[in-house]
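These notes are about the structure you will find just below.
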Amino acid sequence: MPLCHTINKKVFVTHGGLFTKDGVTIEDIKKTPRFKEPADEGIMVDCLWSDPTDMPGRLPSKRGISCMFGPDVTQKFLDNNNLELVVRSHEVKHEGYEYQKGGKCLTVFSAPNYCDQMGNKGAFIRFQGADMEPKITTFSQVPHPKVPPMAYANQWSQFFQ
């Protein structure tokens, strides 16, 4: 799987977020070997595990790996790569989405009522037209179907004998 994607050379999309050091470019990310387990540090780990914060600069991550990056770090990355917005996921947000202070990093989380206990909405984004303004749609959970546990197991058991 790719570590990130750019949309129309304006929007940077990744799972986690930005980097523990300044100066990372889209070319650096393209050159990152990704057909391996992530190491304890580096571009791959940052793409997977970093998180935004509204505090400036970088802070230690609450996850114990990578970092938390502030709005100034986001703006610097965007400026260095001629981009306009960072979109990432990887974090439950009560309304399904949340902008980092400054409005240049958008977290979108598509699993409503995460793990059947968080009570959050889900969201998705569409980018339309030349302006690439994000159109955010939020949604709530729907009830699970009333299917007993292991109801489908017998039909698949023939493949495991």
Side-chain angles (χ1 to χ4, degrees), residues 1-116 118 120-142:
M1 291 185 72
L3 295 174
C4 66
H5 183 73
T6 56
I7 304 172
N8 288 1
K9 299 180 180 178
K10 291 184 177 188
V11 180
F12 177 79
V13 181
T14 192
H15 175 72
L18 298 181
F19 308 96
T20 55
K21 63 179 185 170
D22 287 331
V24 174
T25 65
I26 300 300
E27 284 304 311
D28 295 330
I29 300 166
K30 286 180 184 179
K31 293 176 191 173
T32 300
R34 65 181 203 281
F35 300 104
K36 62 179 188 169
E37 289 293 318
D40 291 335
E41 59 184 28
I43 289 174
M44 181 187 287
V45 169
D46 292 340
C47 280
L48 294 171
W49 295 111
S50 66
D51 293 296
T53 178
D54 286 336
M55 302 287 292
R58 290 180 180 85
L59 300 170
S61 173
K62 60 189 175 196
R63 299 177 192 279
I65 192 165
S66 191
C67 69
M68 297 181 74
F69 58 93
D72 55 329
V73 174
T74 301
Q75 188 63 60
K76 192 173 204 174
F77 173 80
L78 293 172
D79 291 346
N80 289 344
N81 288 282
N82 298 310
L83 296 165
E84 296 176 8
L85 181 68
V86 171
V87 175
R88 42 92 61 189
S89 54
H90 168 66
E91 226 179 345
V92 176
K93 296 299 177 185
H94 185 70
E95 293 301 317
Y97 72 97
E98 183 178 274
Y99 280 95
Q100 179 188 42
K101 185 177 178 182
K104 296 295 183 170
C105 180
L106 171 59
T107 298
V108 62
F109 195 78
S110 62
N113 196 28
Y114 185 60
C115 295
D116 291 331
M118 299 302 292
N120 63 292
K121 290 181 182 177
F124 64 89
I125 306 170
R126 284 188 222 149
F127 293 95
Q128 297 174 319
D131 67 357
M132 293 292 293
E133 281 294 315
K135 308 294 187 238
I136 301 168
T137 301
T138 62
F139 53 93
S140 298
Q141 72 178 27
V142 296

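If you're wondering where the values come from, they're calculated on a predicted model, not measured in any experiment. Side chains included, hydrogens not; waters and symmetry mates left out as well; all remaining heavy atoms used.
Note that CG of D51 and CG of L18 are 10.5 Å apart. Values are rounded to the nearest 0.5 Å. A distance of 12.0 Å separates OG1 of T138 from CD1 of I125, quoted to the nearest 0.5 Å. Atom-to-atom distance recorded for L106:CG and K93:NZ is 10.5 Å, nearest 0.5 angstrom. Remark: K10 NZ to D131 CG distance equals 7.0 Å, nearest 0.5 Å. Note that the CD1 atom of I136 and the CD atom of E95 stand 11.0 Å from one another [nearest 0.5 Å]. Atoms CG and OG, from L59 and S50 in turn, are 12.0 Å apart once rounded to the nearest 0.5 Å.
Side-chain contact check for P52 versus R88: some heavy-atom pair is nearer than 4.5 Å. Considering only heavy atoms from C-beta on, P38 comes within 4.5 Å of L48 through its side chain. R58 places a side-chain heavy atom less than 4.5 Å from the side chain of D22. At a threshold of 4.5 Å between non-hydrogen side-chain atoms, the residues Y99 and C105 do not count as touching. Residues K121 and P112 have side chains not in contact (no heavy-atom distance under 4.5 Å, counting atoms from C-beta outward). Contact of the F19 side chain with the C47 side chain is registered, since non-hydrogen atoms from C-beta on lie closer than 4.5 Å. Between L3 and M44, the closest side-chain pair of non-hydrogen atoms falls below 4.5 Å. Annotation: side chain of N80 is in contact with side chain of K76 (closest heavy-atom distance under 4.5 Å).
Between the side chain of D72 and the main chain of G57, a donor-acceptor pair closer than 3.5 Å is present. Counting only distance, with no hydrogens or angles, the side chain of N113 and the backbone of N120 share no donor-acceptor pair below 3.5 Å.
Within 6.0 Å of the CD atom in E41, the count of heavy atoms belonging to other residues, nucleotides or ligands does not exceed 12. For D40, the CG atom counts as loosely surrounded, since its 6.0 Å shell holds 12 or fewer non-hydrogen atoms of other residues, nucleotides or ligands. Within a 6.0 Å radius of CE in M55, no more than 12 heavy atoms belonging to other residues, nucleotides or ligands are found. In the displayed structure, Y114 atom OH is contacted under 6.0 Å by at most 12 heavy atoms of other residues, nucleotides or ligands. Heavy atoms of other residues, nucleotides or ligands lying less than 6.0 angstrom from OH of Y97 number 12 at most. A 6.0 Å sphere centred on NZ of K101 holds no more than 12 heavy atoms belonging to other residues, nucleotides or ligands.
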### Task
Starting from the C-alpha separation in whole Å, work towards a yes-or-no answer on side chain to side chain contact (heavy atoms under 4.5 Å, CB included) for V87 and V108.
CA-CA 7 Å; V87 175; V108 62; 4.1 Å; yes
### Message
Please determine whether side chain to side chain donor-acceptor pair (under 3.5 Å) holds for the pair T25 and N81, giving the CA-CA distance in whole Å, both sets of side-chain angles, and the decisive distance to 0.1 Å.
### Response
CA-CA 6 Å; T25 65; N81 288 282; 4.9 Å; no
### Pair L83-I26, side chain to side chain contact (heavy atoms under 4.5 Å, CB included): steps then yes or no
CA-CA 10 Å; L83 296 165; I26 300 300; 4.1 Å; yes
#### Entry: CA sep, side-chain torsions, deciding dist, call: N8, F127, side chain to side chain contact (heavy atoms under 4.5 Å, CB included)
CA-CA 10 Å; N8 288 1; F127 293 95; over 6 Å; no
### Task
Determine, stepwise, if the pair T74 / L78 fulfils side chain to side chain contact (heavy atoms under 4.5 Å, CB included).
CA-CA 6 Å; T74 301; L78 293 172; 4.0 Å; yes
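Across every non-hydrogen atom of I65 and A39, the tightest pair is CD1-O, 4.4 Å. Taking each heavy atom of F69 and Q100 in turn, the nearest pair found is O-NE2, 2.9 Å. Taking each heavy atom of V11 and M132 in turn, the nearest pair found is CG2-CE, 4.0 Å. Of all non-hydrogen atoms in C4 and I29, the two that sit nearest each other are SG-CG2, 3.5 Å. The two residues E84 and K104 make their nearest non-hydrogen contact at O-CD, 3.4 Å.
Using cut-offs of 30° and 60° for the angle between ring planes, the H15 and W49 rings count as perpendicular.
A salt bridge between K135 and E133 is absent, with no side-chain N of the basic residue lying under 4.0 Å from a carboxylate O of the acidic one.
The six-membered or imidazole ring of F77 lies near that of F12, with a centre-to-centre distance under 6.0 Å.
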